[in-house]
Amino acid sequence: MNSRPRHQSKLGSFALYTVLLIVSVVVVVPMFYLVVSAFKTEQGFLEHTFLPTGDGFLGIAWGELTTKQFHRLFSPEIGIGRALVNSIFLSSTTALLATFVCALAGYASAALDFKGKKSFEWLILAALIIPPPLLIAPSYQWLHSLNLLDSYAGLILPAIAPAFGVFLFRQATLQSVPKSIVEAARIDGAGEFGIFFAIALPMLRPMVGAFLIITFLATWNNFIGPQIVLQSTEKQPLSVVIYQTQTAYYSDYGLLMAGTLVSILPVAALFLFLQRDFIAGLSSGAVKG
Amino acid sequence: MANVKLSGVWKYYSEEAAAVQDVKLSIDSGEFIVLVGPSGCGKSTTLRMIAGLESISKGEIEINGKVVNNVQPKDRDIAMVFQNYALYPHMTVEKNIGFALKISGMDKNEIKRRVLNTSSILGLDDLLRRKPGALSGGQRQRVALGRAIARDPAVYLFDEPLSNLDAKLRVTMRSELKALHRRLGTTTVYVTHDQEEAMTLGSRLVVMAGGKVQQIGTPLDVYNNPVNRFVASFVGSPTMNFIEGTIEGETFSPENSAVKIPLTAQIIDANALQSGQKLCLGIRPQSVTLAGDATPGIELDTTVELTEPMGDRVDLRLGLDESTQILARMPMNEVPANGASLRVKLPHEGMMFFEATEFGKRLGREPVAST
Ligand SMILES: Nc1ncnc2c1ncn2[C@@H]1O[C@H](COP(=O)(O)OP(=O)(O)OP(=O)(O)O)[C@@H](O)[C@H]1O
Ligand SMILES: [Mg+2]
């Protein structure tokens with residue numbers, strides 16, 4: 001009687017580890033492929049799937065690996081260094097501003113009473129329904145008439161108050177900032193902004209972390225936006241610059257892999273840095289019911 | 001310290017129904033006032049209007065002689081303790097207690113001194129570095145209390161602060177609150193739906209129902225002289241016995257019953273009862289005694305239908321006949337057997353008469369002035 005559950009749980013964990021192993025392989029192999037390919041010549045890329053074979057340590061021809069692709073990327077000709085800086089600037093500015101604005105608006109719509117609150121909420125809901133591609137043409141026209149084309153403001157301003165974010169923070173506030181805590185702070189003498197910064201924002205921290213990552217990633221990967229709004233080459237972010245290497249230089253896979261690696265690293269670092277908040281933010285709804 | 005005055009205060013959440021109707025209440029400096037009533041009667045709404053968390057639809061609220069209708073909560077010099085404690089979860093106990101002081105721009109050392117002083121009053125010294133998540137319910141309650149005390153406000157407002165604690169802790173905290181009030185002497189408005197809590201804590205009770213004040217008075221006053229049937233039934237445990245019936249000459253005939261309860265001319269007079277009048281006789285279970293002693297009253301033969309002995313006393317359900325029962329609580333060493341007959345006395349003193357409706361007025365009494 002006693003040994004059965006134990007036997008079962010052993011079997012269970014065996015199955016679990018098998019599944020986890022398969023998932024890891026599925027995730028890790030393409031990453032490995034990407035990293036390895038970034039360090040190969042065009043020739044090497046075509047000849048070997050993974051590492052070039054030879055008689056070095058572990059039977060690998062270490063000598064054939066090269067950082068040539070990175071030199072090309074960072075050469076003035078392609079100038080990925082500037083694109084990297086551009087991307088970091090664009091993504092972090094957009095993420096910070098959008099998170100701030102969405103948190104502020106979402107909190108207000110959940111916790112405060114103000115004139116026009118109902119209409120505000122309808123507006124947010126309505127904005128959620130509109131598919132983004134529909135907005136490309138009218139936004140372009142607007143940016144043109146506001147003289148914001150080919151400027152970062154033209155990319156950042158339209159992105160700092162996404163309805164989705166406002167709604168997300170509204171729900172997060174309803175769920176994790178009890179009304180009585182806001183009232184307690186009000187009685188304790190805090191002003192409305194004081195309550196937002198000192199009480200609500202810390203309580204919304206998981207959502208702040210998650211939304212920072214979401215917005216940062218979305219901006220980082222945004223290709224259509226900068227492609228349409230920015231014209232000057234020196235203002236382009238990574239997504240556009242990496243793409244352009246391909247049109248100009250044929251399908252140069254080694255270069256593409258190296259460019260992708262450069263563009264993944266900062267995001268991976270950010271994710272590692274914020275992952276606890278990110279996961280807490282995504283699962284907070286599941287835990288509390 | 002401050003006095004608080006409510007003059008004709010109304011609250012409408014929607015146009016049709018008023019959650020609070022025409023509340024008039026004058027609270028003296030240093031008083032411990034308890035708003036008590038069943039769920040939904042408007043206690044919290046009244047308290048929240050005093051706090052400034054809810055707007056006042058009609059009427060005026062004064063704190064220390066100053067009308068505060070349009071004064072922000074933070075400028076009313078009040079502190080409030082919420083039912084769910086409302087502690088700031090990301091701050092330590094120390095920061096929680098000191099938050100209001102910090103906002104007021106108080107000097108760091110002074111804040112520290114006050115927080116330590118408060119924590120020693122409440123026995124929180126060892127918990128100052130913890131966050132609320134790592135505290136028990138009773139400890140959180142203390143921190144919520146500490147947050148109010150540290151500010152030394154003119155008025156304390158409590159909204160059912162003990163209702164999330166277990167029964168035993170509630171009784172302990174109750175006496176601590178009482179001791180604390182004696183020590184600080186700060187004007188306190190306390191909301192509860194628990195009449196026992198109200199009786200033990202309040203220097204005066206405000207009994208509310210359906211958004212209206214039913215009676216204001218000291219606990220004993222409310223207990224001994226309820227102004228209507230609602231107050232009589234709400235205050236006191238176990239609930240007062242009510243027998244509906246009709247006055248016929250000098251007897252009272254319960255409805256659907258052959259029993260006649262003889263009254264005296266004196267009772268008829270004192271309560272201004274009229275023959276043919278339909279009304280409701282009330283008597284507290286504690287007032288019912290065994291027949292035989294000298295106190296004036298009416299003696300009745302009853303049958304014991306149910307006994308609930310509790311050591312020092314016993315609750316008896318006594319049948320006057322098939323359809324009319326009363327509950328009696330008596331000190332008793334010997335518990336009578338079910339079905340035994342028992343002669344009991346309803347003392348004149350304990351008999352009250354009400355109009356025969358839920359909020360029926362007490363008969364034969366001048367309504368007690370309600371301010
Ligand atoms: N924000 C609100 N909007 C609409 N109606 C409300 C609101 N708050 C309270 N009410 C209504 O007002 C009435 C009084 O509510 P209140 O909270 O003051 O009752 P209470 O006496 O504190 O009851 P409880 O003992 O359950 O806390 C209730 O009928 C309630 O439904
Ligand atoms: Mg309430």
Side-chain angles (χ1 to χ4, degrees), chain A residues 99 103-104 106-108 110-118 169 171-212 274 276-278 280-281 283-285 287-289, chain B residues 13 44 47-55 68 71-92 95-106 111 131-133 140 143-151 153-161 164:
Chain A
T99 305
L104 205 56
Y107 167 76
L112 302 182
D113 274 321
F114 51 91
K115 263 201 185 125
K117 179 169 165 170
K118 273 261 132 37
F169 274 102
Q171 296 311 100
T173 306
L174 286 178
Q175 187 169 53
S176 52
V177 185
K179 201 173 154 219
S180 58
I181 289 193
V182 174
E183 289 175 341
R186 220 167 266 162
I187 288 179
D188 272 350
E192 294 305 324
F193 276 101
I195 296 174
F196 175 72
F197 284 111
I199 309 292
L201 215 48
M203 293 178 76
L204 291 170
R205 211 191 121 163
M207 187 51 80
V208 169
F211 196 69
L212 270 176
L274 290 176
R276 267 186 49 201
D277 285 337
F278 184 64
S283 59
S284 68
V287 181
K288 270 198 179 162
Chain B
Y13 283 113
S44 295
L47 192 76
R48 291 166 58 81
M49 284 193 284
I50 300 176
L53 295 172
E54 222 54 86
S55 64
V68 294
V71 176
Q72 293 286 312
K74 63 182 160 102
D75 301 321
R76 294 191 183 193
D77 200 12
I78 46 152
M80 183 154 166
V81 177
F82 294 81
Q83 178 172 3
N84 61 2
Y85 317 139
L87 301 178
Y88 311 127
H90 55 291
M91 295 184 193
T92 59
K95 292 256 168 61
N96 261 284
I97 296 178
F99 184 68
L101 307 179
K102 191 173 149 206
I103 286 183
S104 72
M106 189 181 282
I111 295 181
K131 291 197 177 157
R140 285 180 208 183
V143 177
L145 216 56
R147 206 164 57 176
I149 293 174
R151 292 180 50 193
V155 182
Y156 287 127
L157 305 174
F158 292 94
D159 193 351
E160 312 218 16
N164 282 355

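All chains are named by letter (A, B, ...) in the order of the sequence lines, taking the proteins before the strands, and each is independently numbered beginning at 1.
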Exercise for review: Please report the shortest heavy-atom distance between B/G146 and B/I97, naming the atom on each side.
Suggested key: O-CG2, 3.7 Å

Check your understanding: Among B/A100, B/A51, B/P73, B/P89, which has the most heavy-atom pairs under 4.5 Å with chain A?
Key -> B/A100

Distance-only criterion, 3.5 Å: which donor-acceptor pairs connect chain A and chain B?
unit_1	atom_1	unit_2	atom_2	d
A/S180	OG	B/N84	OD1	3.1
A/S180	OG	B/N84	ND2	3.0
A/E183	OE1	B/R48	NH1	2.8
A/E183	OE2	B/R48	NH1	3.2
A/E183	OE2	B/R48	NH2	2.6
A/A185	N	B/Y88	OH	3.2
A/I187	O	B/R151	NH1	3.2
A/D188	OD2	B/Y88	OH	2.7
A/A198	O	B/H90	NE2	2.8

Point to revise | chain B contacts, top residue of A/P178, A/G191, A/A185 (heavy-atom pairs, under 4.5 Å) | key: A/A185

**Study point:** Minimum heavy-atom distance A/P202-A/A198, with the two atoms named
**Key:** CG-O, 3.4 Å

**Study point:** Distance-minimising heavy-atom pair for A/A190 and B/I103
**Key:** CB-CD1, 3.3 Å

Review point. Rounded to the nearest 0.5 Å, how far does CZ of A/F211 lie from CG of A/L204?
Key: 12.5 Å

Point to revise | Side chain to side chain, A/F169 and A/T99, heavy atoms closer than 4.5 Å | key: yes

Review point. Heavy-atom count around A/F193 CZ within 6.0 Å, excluding the residue itself: above 12?
Key: no

Review point. By a 4.5 Å heavy-atom criterion (distance strictly below it), what part of B/A79 contacts chain A: side chain, backbone, both, or neither?
Key: backbone

Check your understanding: Measuring heavy-atom distances to chain A, does B/L157 have an atom under 4.5 Å in its side chain, in its backbone, in both, or in neither?
Key -> neither

Study note, to complete from the structure: CE of B/M80 to CG of B/L53, rounded to nearest 0.5 Å, is 5.5 Å

